[in-house]
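Since the structure comes first, as structure tokens, the remarks are kept for the end.
All residue numbers in this chain count up from 1 along the given sequence. All figures in this text were calculated on a predicted structure; none of them were measured in a lab.
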Amino acid sequence: MSYIEVLQNKIENIEKGGHEKYHQKNEEKGKLFVRKRLELLFDEGLNVEDAFFANCMDGSLPADGVVTGIGKIHGQDVCVMANDSTIKAGSWGKRTVEKIIRIQETAEKMEIPMLYLVDSAGARITDQIEMFPGRRGAGKIFHNQIKLSGRIPQVCLLFGPSAAGGAYIPAFSDIVIMVDGNASMYLGSPRMAEKVIGEKVSLEEMGGAKMHCSVSGVGDVLVKTEEDAIAYAKNYLSYFPKNFRHKPAQIEPKKEQTIEKSIKDIIPENQNAPFNMHDLIKKIIDEGSFCEIKKKFAPELITGLARVDGKSVGIIANQPRMKGGVLFPDSADKSAKFVQLCDAFNIPLLFLVDVPGFMIGTKVERTGIIRHGAKMLATMSEATVPKISVIVRKAYGAGLYAMAGPAFEPDCCIALPTAQIAVMGPEAAVNAVYANKIAELPEDERPAFIKEKQDEYKENIDIYKLASEMVVDAVIDPNRLREELIQRYSIYDAKNVNFTDRKHGVYPV
């Protein structure tokens, strides 16, 4: 056999991955082969593959179970590591870890996005001395992720398990896309939990995709298929620059989505009547441009990327249809992470405010709502990208602060005519001030007295009075909101602010 034939033979053996039975097993689960995933992900497949021959002297470990390299998405170079679950269930050995570290170092030097296609059973226990504790052991992967955070976009597509320490790859990524039914992450498996702490639990309950995307919040996006995961990741990256030194590219603008109702008709005058904030969002963004993040987690707050006149914008919006739009610890965390993400990569922020405030009661106090709320305020306050706050209806109590109220230096605070800004709503305020007086009145006189005091309170917080005192910068016709935002973002694009001079803050994490 000639040396060319030897080379071709080795290439073929490596490219086909593991034993056929493992390919068949994956097909039964709806899982694609790692190289097929990369074909779908990149414009023209991998342009460069690194360490292709890693561990090639061991015929059972082609490429040592991970593919690393560089390809293009929307014409932009992107680094990738992708586990091959047909090779010892995608587990990590010494060379696997070294390959991942090297592609991260390449991403750092080139300052281009880094994608993690995860489908791994975790470390190979037999290789633990070589790949676990040292300076270039598995911990270096997470150290690199932390260094890269905010410098380049980091995206995790979770196609299968991400076990034990490996679960920190998704944890340190900007966004985690999980395939329902196959994706999972956990520090200890169900078998380990039963053995160590006596807890009997299923894999889905312990660390399944649905649980993480709706309960823990470690997962951001739940999809049905791997093709859906790849399509979402490609769309997500289109909103971002290649690194923190650049702004997102502007694309050809589209008109807003055609909806029969006008914004005026969408928003009820009754402050307590629910409505779907998604309908308002559709009226102000480019048609079909909303890319929602953490849709199933803390749904009382909406977070997502969109385009306004072709420009990337990050939206944080209260959802009156879910728990009245009240803020909870989870929604505070959801906002904090999203605001940091957008600010890191120069994506302007839009706050759509209809918030009764933060939740009260012993349950949320015990779960640290003050601490979580403070984190939400801190990240919002620190963001130096253009920030616009729109008071849609109510902005009560600390909810006003958390949603980029006037004291937190938004570039402008716009109010719609339906807006109210107050410590609390009229009903609660009258009860708080006049509870004893109301109790003393004859029952038939109470409704009139309560209405009189509520009307007085509403006059005191009248939005035009607040505009007169320059609490808000403008009160506009709701149907002009999109036009107003386009104009203001165009102006604020030149913003250049340094928040403060220090090493870093000390956060209530």
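Between the side chain of Glu256 and the main chain of Ile281, no donor-acceptor pair closer than 3.5 Å is present. A donor-acceptor pair is defined here as one N or O able to donate and one able to accept, closer than 3.5 Å; such a pair exists between the side chain of Thr225 and the backbone of Asp228. Between the side chain of Lys334 and the backbone N or O of Ala298, at least one donor-acceptor pair lies under 3.5 Å. Looking only at distances, no side-chain donor or acceptor of Lys242 sits under 3.5 Å from a matching main-chain atom of Gln76. A distance-only check finds no donor-acceptor pair linking the side chain of Thr418 to the backbone of Pro268 [under 3.5 Å]. No side-chain donor-acceptor contact under 3.5 Å links Asp354 to the backbone of Asn318. In this structure, Arg371 contributes its side chain and Val509 its backbone to a donor-acceptor pair below 3.5 Å. Judged by distance alone, the side chain of Ser331 and the main-chain N or O of Phe328 form a donor-acceptor pair under 3.5 Å. A donor-acceptor pair under 3.5 Å is absent between the side-chain atoms of His212 and the main chain of Ser184, judged by distance alone. Judged purely by atom type and a 3.5 angstrom limit, Lys234 uses its side chain to pair as donor or acceptor with the backbone of Leu40.
Residues Lys387 and Met380 come closest through the heavy atom pair NZ-O, 2.9 Å. Between Ile101 and Asn144, the closest heavy-atom pair is CG2-ND2, 3.8 Å. Contact between Pro348 and Tyr489 at its shortest, heavy atoms only, is CB-CE2, 3.6 Å. When every heavy atom of Gly399 is checked against every heavy atom of Leu327, the shortest pair comes out as CA-CD1, 4.3 Å. Among all heavy-atom pairs drawn from Thr68 and Ile100, the shortest one is CG2-N, 4.4 Å.
The number of heavy atoms from other shown groups lying within 6.0 Å of CD (Glu427) is above 12. Enclosure of atom NZ in Lys295 is not indicated, since only 12 or fewer non-hydrogen atoms of other residues, nucleotides or ligands lie within 6.0 angstrom. Within a 6.0 Å radius of CD1 in Ile370, no more than 12 heavy atoms belonging to other residues, nucleotides or ligands are found. Counting non-hydrogen atoms of other residues, nucleotides and ligands closer than 6.0 Å to CD of Glu105 gives a total above 12.
Between Ile391 and Cys413 there is a side-chain heavy-atom pair separated by less than 4.5 Å. Using a 4.5 Å heavy-atom cutoff, the side chains of Glu204 and Met211 are in contact. When side chains are defined from C-beta on, Thr303 does not count as touching Lys337, because their heavy atoms never get closer than 4.5 Å. You'll find the side chain of Trp92 reaches within 4.5 Å of the side chain of Ser120, heavy atoms only. Residues Met81 and Arg102 are not in side-chain contact: their nearest non-hydrogen atoms beyond the backbone lie 4.5 Å or more apart. Between Ile293 and Asp220 the shortest side-chain heavy-atom distance falls below 4.5 Å. Taking the side chain as every heavy atom from C-beta outward, Ile103 and Val80 never approach each other to under 4.5 Å. Taking the side chain as every heavy atom from C-beta outward, Val326 and Glu300 never approach each other to under 4.5 Å.
Residues Gln257 and Asp286 bring no donor and acceptor atom of their side chains to less than 3.5 Å of each other.
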(message) I'd like to know whether Asp411 forms a salt bridge (Lys or Arg N to Asp or Glu O under 4.0 Å) with Lys495, so could you lay out the CA-CA distance, the side-chain angles of the two residues, the decisive distance to 0.1 Å, and finally the verdict.
(response) CA-CA 9 Å; Asp411 293 285; Lys495 182 179 179 181; 3.0 Å; yes
(request) For Lys311 and Asp493, run salt bridge (Lys or Arg N to Asp or Glu O under 4.0 Å): C-alpha distance rounded to whole Å, both residues' side-chain angles, the deciding distance at 0.1 Å, then the answer. (result) CA-CA 10 Å; Lys311 296 179 181 178; Asp493 189 55; 5.1 Å; no
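Under a 4.0 Å N-O distance rule, the pair Lys261/Asp279 does not qualify as a salt bridge. Salt-bridge check for Lys210 with Asp180: passed, with a basic side-chain N closer than 4.0 Å to an acidic carboxylate O.
Phe142 and Phe172 have tilted rings, their planes meeting at an angle from 30° to 60° on a 0 to 90° scale. The aromatic rings of Tyr401 and Phe408 lie tilted to each other, with the angle between the two planes from 30° to 60°.
Paired with Leu350 under the rule side-chain contact (heavy atoms from CB on, under 4.5 Å), one option of Ile285, Ile284, Ile316, Val308 passes, and it is Ile284.
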I'd like a table of donor-acceptor pairs (distance under 3.5 Å, sequence neighbours excluded) in which one partner is a side-chain atom from residues 151-169, with atom names and distances.
residue: Arg151; atom: NH1; partner: Glu108; partner atom: OE2; Å: 3.4
residue: Arg151; atom: NH2; partner: Glu111; partner atom: OE2; Å: 2.8
residue: Gln154; atom: OE1; partner: Tyr116; partner atom: OH; Å: 2.7
residue: Gln154; atom: NE2; partner: Gln145; partner atom: O; Å: 3.0
residue: Ser162; atom: OG; partner: Gly166; partner atom: O; Å: 2.9

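Rounding to the nearest 0.5 Å gives a distance of 9.5 Å between CG of Asp77 and CZ of Phe42.
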